[in-house]
Amino acid sequence: MIELKITVPAVEEGQYTIQISSGQLAGLWDRIKADYPKSTRFVVTDQNLVDAGHLDTLSGGRDIPCYVIDPPGEVSKTIETAIHIVEAMEKAYLGRDSVIVALGGGTVGDIAGFAAAMFKRGIPVVQVPTTTLAQADSAVGGKTGVDSSLSKNAFGAFWHPAAVYIDVDTLKTLDDREFRSGLVESVKHAMIADAEYFDYLESNLDAILAREPEVLKTIAHKNCQTKGHVVQIDPNEKNMRRILNYGHTVGHAVESASNYTLLHGESIAVGIVAAGLIEIELGIGDQARLDRALALLNKLGMPTQIPAKIEEQQLIDLIKRDKKAVDQWPKFVLINQIGQVHQVDGQWAVSVERSVVEKVLKQLY
């Protein structure tokens, strides 16, 4: 069992625990009951987790109160789904003494966390991530939200988890595309914060793709260390936490423009390549560094170009709507070298002219 503690000033309790293991999902329901003896537990999950048997493993075969998101995935990441969860809890006569248990991938965690932030002005949420994406990134840090009809995560709140329980055995049932896509967030963490971790990913990719438990625990630990460190310093994304958006500005636009036919990690892979090309244009990057990133993304089977059906102007419009945009244009996170983010005047996200971004987008077709 690997255990990390995240101290976040924005959290009333001040600290939460991340536990990483293989096999802890069975028995976790009783563990959460012991941690919250006076609370009613309510699970939010999706149909994929039900079909994979993870809800049954969590519950120990018991009938437990839950809301099952169906259909699974980004298509259900809407304000309507969050409302349905809140109303399901109301119909069950639940109150502020409740705790939501989010069992699933990044989409489930985002929706459940947002519902927890809204319900009765806020109740605890325990994150139980079951995908490479969620175990690497979205379960840690307290970003929650749902999409609007125009852009990703337009509705949201910072709502830090009360605890995070990572069981890498849940990755055994994840389909290959989802598994590989989620690993892009691991690549991102290595590129922004840890050159040795990037080397590790390059050297151990075969073992990772074989889903060897010890290797999966190692990358979960590395990812949580990286994200936890950043979140402790900047829990509400005033400056340093923006480094976690590396590749996401273009990536989110690609994801939305694809109408979510591209998975999150697939879209961020394109965004990472875009960031590398911007770095070259600005003279802070080089082709050799970009080639290393491309080689790793290609081995993961990720797209590294924008699908031809997506129009450049649509991407520009989505970038202008980015939730981080000021005066209809966001700043970009870039790196000087693998493991080191580029700063200007102490800022971790920097200005990039629209003409540079447009030039790079053209190179990605």
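FYI, side chains are in, hydrogens and waters are out, and symmetry mates aren't considered; it's all heavy atoms of this structure.
When all heavy atoms are compared, the tightest approach of Asp167 to Ser22 is OD1-CA, 3.4 Å. Taking every heavy atom of both residues into account, Val184 and Ala269 meet most closely at CG1-N, 3.9 Å. What you find for Leu201 and Ile208 is that their closest heavy atoms are CD2-CD1, 3.8 Å. The minimum heavy-atom distance linking Trp329 with Glu353 is given by the pair NE1-C, 4.4 Å. Closest of all the heavy-atom pairs between Leu296 and Val187 is CD2-CG2, 3.9 Å. Nearest approach of Pro72 to Val75, heavy atoms of both residues: O-CG1, 3.8 Å.
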Trace of the side chain to side chain donor-acceptor pair (under 3.5 Å) decision for Asp194 with Tyr200:
CA-CA 10 Å; Asp194 193 339; Tyr200 180 88; over 6 Å; no
For Ser267 and His252, run side chain to side chain donor-acceptor pair (under 3.5 Å): C-alpha distance rounded to whole Å, both residues' side-chain angles, the deciding distance at 0.1 Å, then the answer.
CA-CA 7 Å; Ser267 303; His252 274 166; over 6 Å; no
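One finds the CG atom of Leu216 at 9.0 Å from the CG atom of Asp169 (value rounded to the nearest 0.5 Å). The CD1 atom of Ile219 sits 7.5 Å away from atom OG1 of Thr132, with the distance rounded to the nearest 0.5 Å. Put simply, CG on Leu209 and CG on Asp176 are 7.5 Å apart, with the number rounded to the nearest 0.5 Å. One finds the CG atom of Asp199 at 8.0 Å from the CD1 atom of Ile338 (value rounded to the nearest 0.5 Å). Rounded to the nearest 0.5 Å, atoms CD (Gln287) and CD1 (Ile280) are 4.5 Å apart. Rounding to the nearest 0.5 angstrom, the gap separating the CZ atom in Arg321 from the CG atom in Leu318 is 7.5 Å.
Counting only N and O atoms by type, the side chains of Asn245 and Glu237 include a donor and acceptor under 3.5 Å apart. Between the side chains of Asn153 and Lys77, at least one donor N or O sits under 3.5 Å from an acceptor N or O. Asp110 and Thr144 are not linked by any side-chain donor-acceptor pair at a separation below 3.5 angstrom, with hydrogens and angles left out of the test. Under the 3.5 Å distance criterion, with hydrogens and angles disregarded, a donor-acceptor pair is assigned to the side chains of Gln47 and Asp51. Between the side chains of Arg31 and Gln19, at least one donor N or O lies within less than 3.5 Å of an accepting N or O.
At a threshold of 4.5 Å between non-hydrogen side-chain atoms, the residues Val128 and Leu25 count as touching. When side chains are defined from C-beta on, His342 does not count as touching Ile335, because their heavy atoms never get closer than 4.5 Å. When side chains are defined from C-beta on, Thr218 does not count as touching Asn204, because their heavy atoms never get closer than 4.5 Å. Looking at heavy atoms from C-beta onward, Ser21 lies out of side-chain contact with Ile2 at the 4.5 angstrom threshold. For the pair Arg241/Asn236, no side-chain contact is recorded, criterion being any heavy-atom separation below 4.5 Å from C-beta on. You'll find the side chain of Lys222 stays beyond 4.5 Å of the side chain of His189, heavy atoms only. Between Val250 and Phe332, some side-chain heavy-atom pair lies under the 4.5 Å cut-off. Looking at heavy atoms from C-beta onward, Tyr260 lies in side-chain contact with Asp147 at the 4.5 angstrom threshold.
Salt-bridge annotation for Glu358 and Lys362: absent, with no side-chain N of the basic residue lying under 4.0 Å from a carboxylate O of the acidic one. Between Lys227 and Asp137, at least one side-chain N (NZ, or NE/NH1/NH2) sits under 4.0 Å from a carboxylate O, which counts as a salt bridge. Salt-bridge check for Glu266 with Arg177: passed, with a basic side-chain N closer than 4.0 Å to an acidic carboxylate O. The pair Glu74-Lys152 counts as a salt bridge, with a side-chain nitrogen and a carboxylate oxygen less than 4.0 angstrom apart. Ionic pairing of Arg62 and Asp30 is present here: one or more N-O contacts between side-chain nitrogen and carboxylate oxygen are shorter than 4.0 angstrom.
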Under 3.5 Å, sequence neighbours excluded: what are the donor-acceptor pairs made by side chains of residues 88-108?
residue	atom	partner	partner atom	Å
Arg96	NE	Lys120	O	3.0
Ser98	OG	Gly95	N	3.4
Ser98	OG	Gly95	O	2.8

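A single hydrophobic cluster is not seen to contain both Val126 and Ile85; linkage of ILVMFWY side chains at heavy-atom distances under 4.5 Å, directly or through other members, places them apart. The hydrophobic clustering, which links ILVMFWY residues whose side-chain heavy atoms are closer than 4.5 Å, places Val333 and Leu315 together.
The 12-atom threshold is not exceeded at CD of Glu196, counting heavy atoms of other residues, nucleotides or ligands nearer than 6.0 Å.
Aromatic pair His264/His248: centroids less than 6.0 angstrom apart.
No donor-acceptor pair closer than 3.5 Å links the side chain of Arg180 to the backbone N or O of Asp175.
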